[in-house]
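Take a look at the structure below.
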Amino acid sequence: MRRRLLVVLLLFSAAAVAGFAVPLLSATAAERTQRFALSRTADLDRFTALAQQAEGTGDSTALEDEVAAYFELYGEPVVVVDARREPVARAGLDADDPALAPDLDAALRNQPVRAVPTVTPWSSGHVVFARPVGTGTRVAGAVVLWASVDRAAADVAEGWLWVLGGALAAGLVSVLLAVAAARWLLKPLAELAIGVRAVAAGERRAHVPGSSGPPEVRELSESFNRMSDAVTEAADQQRRLIADTSHQLRNPMAALRLRVDSLRDQVRPGGRRAYLAGVAEIERLESLLDGLLALASAESAATEAAAGGHEPDLTDLGAVVVDRTGFWQVPVPAGPVPAVLVRCPESALAQVLDVLLDNAVKYGGGVRVELGADRSAGTGWVEVRDDGPGLDERELALATSRFWRGRSDRPGTGLGLAIADQLVRAWQGRLVLTSPAGPASRVGPPSPTGPTAPTGPTAPAGLTARVEFPLEPLL
């Protein structure tokens, strides 16, 4: 933008300077040409008057002396002839010179003289001035002056140098003014861009000066500062809400759990069933609370990453897989586990694997885990497969929705895959769920409505959850 604005301002300035300089150059050359022509015309008038006097008296001494003195002083040849083209007085010029013939003939016929061409710095040579001698229609002779334009050309060149120097100075001033105007206009915008990047990087209450530039830009800067404060305050309120919710709900929930547990030995046989149902609901509420807090934390991380948060750490995918498969007591991937460094924090990766392994163990029966790296795509991946009932297309589309649960009657909150999906997306990864009934990959939030479930005598078997993360950057 700065370059385009400078180009526009400089082109406008150049056009304005040229609009003044070109007419001045033309006027300077025309004025010097006019003075040159007037001075030589005055000299011709004097020679013509002396020639008429010599014709009347028959004595051309004064004319000859004047012509000789003029040639000696100015170095410009002069010749005066009578009506028969015989020279009356001359200095440095011959009346028989073929170059003088057209102008001499025109003067003897009393024809108008040619206009003097405009003198320029590169003009050179001579200009012929001719004037008839006589009055009325009687021409008694002619005066021819061969004037040099070198002095006039030098004067024009000097005048043009002054004009061009002034134009150059005006151009430099215009450049300085254009640069200053561009800086005045664009500096606040650059500060705004820096402020936006600071907000995107997670800086709290990032402000811009807003003390320079046009009023509209200053107002925009003030609005940005207010927006930055509002965003920071909203984020703080969200964090406080999560913390307060955790504190305010966990304590009553723990107290309720203690009171219910203390009643275990005092429940009559007839109320045992209701008591166990109450304990199950308390456990479900505790699990739901933990899941909601984990989901809120994952969404907060996703929002920060989408806004251009800090660079993620590098984690050994193989080491985390071995650790979590050991914790869940499922088979470790066969063969040597490769070292695959992915761009994701270890805690987030472990939490994602815990969700996938928990679902596979809880709903799927046999569990198999594989991992590897696709260097051409720049991703490291891990797959968790189970032998459970699987999901149809509609269920695959809804699997990562909040509070959605499949057909299993096992207890759960319906938040596990939603949490895993948010964590994966927070670090520019991808979660893909497939089942033999038909693949359905998901990147981003699913549609609340999906295709209808296929009808058929058999249900799909098995579910594969594949997680992909960016590999370490290549140096």
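- Shown here for Arg430 and Val424, the closest heavy-atom pair between the two residues is N-CG1, 3.0 Å.
- Under the 3.5 Å distance criterion, with hydrogens and angles disregarded, no donor-acceptor pair is assigned to the side chains of Arg259 and Ser262.
- Arg35 places none of its side-chain heavy atoms less than 4.5 Å from the side chain of Arg40.
- Of the possible polar contacts, none joining the Gln422 side chain to the Ile419 backbone as a donor-acceptor pair under 3.5 Å is found.
- Annotation for Arg151: atom CZ does not count as buried by contact number, only 12 or fewer foreign heavy atoms lying within 6.0 Å.
- Here CG of Leu417 is found 11.5 Å from CG of Leu398. Values are rounded to the nearest 0.5 Å.
- Taking CG from Leu161 and CD from Glu158, the interatomic distance works out to 7.5 Å, rounded to the nearest 0.5 Å.
- The structure places CZ of Arg466 at 6.5 Å from OG1 of Thr379, a figure rounded to the nearest 0.5 Å.
- In this structure, Val369 and Leu357 have side chains that are in contact, with non-hydrogen atoms separated by less than 4.5 Å.
- Atoms CG and CG, on Leu353 and Asp323 in that order, are 9.5 Å from each other to the nearest 0.5 Å.
- For the atom pair CZ of Phe20 and CG of Leu25, the computed distance is 13.5 Å after rounding to the nearest 0.5 Å.
- When all heavy atoms of Val17 and Ser174 are compared, the pair lying nearest together is CG2-OG, 4.2 Å.
- Asp386 places a side-chain N or O within donor-acceptor distance of the main-chain N or O of Leu463, the cut-off being under 3.5 Å.
- Applying the 6.0 Å contact sphere to OH of Tyr275 captures more than 12 heavy atoms from other residues, nucleotides or ligands.
- The pair Glu370-Arg368 fails the salt-bridge criterion, with no side-chain N (NZ, NE, NH1 or NH2) lying under 4.0 Å from an Asp/Glu carboxylate O.
- Side chains of Thr400 and Leu433 form a contact here, defined as non-hydrogen atoms less than 4.5 Å apart.
- In summary, the side chains of Trp122 and Thr120 do present a donor paired with an acceptor at a separation below 3.5 Å, with no hydrogens or angles considered.
- Shown here for Gly159 and Thr28, the closest heavy-atom pair between the two residues is CA-CG2, 4.0 Å.
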Stepwise side-chain contact (heavy atoms from CB on, under 4.5 Å) check, Arg375 with Leu471: CA-CA 8 Å; Arg375 298 293 177 180; Leu471 288 171; 3.5 Å; yes
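- Counting all heavy atoms, side chain and backbone alike, Trp381 lies closest to Ala373 at NE1-N, 3.5 Å.
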Worked check of side-chain contact (heavy atoms from CB on, under 4.5 Å) between Phe469 and Leu317: CA-CA 9 Å; Phe469 284 107; Leu317 178 61; 5.5 Å; no
Residues Val321, Leu349; criterion side-chain contact (heavy atoms from CB on, under 4.5 Å); working and verdict: CA-CA 9 Å; Val321 168; Leu349 181 56; over 6 Å; no
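- Between Ser26 atom OG and Glu31 atom CD the span is 12.0 Å, to the nearest 0.5 Å.
- Minimum heavy-atom separation, Val267 to Leu263: CG2-O, 3.0 Å.
- The backbone N or O of Thr118 lies less than 3.5 Å from no partner atom in the side chain of Thr33, so there is not a single donor-acceptor pair.
- Across all their heavy atoms, Val340 and Gly380 have their closest contact at CG1-CA, 4.0 Å.
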Audit row: Thr464, Val384, side-chain contact (heavy atoms from CB on, under 4.5 Å) steps and yes/no: CA-CA 6 Å; Thr464 299; Val384 178; over 6 Å; no
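- When the shell of 6.0 Å around CD of Glu346 is examined, it contains 12 or fewer heavy atoms from other residues, nucleotides or ligands.
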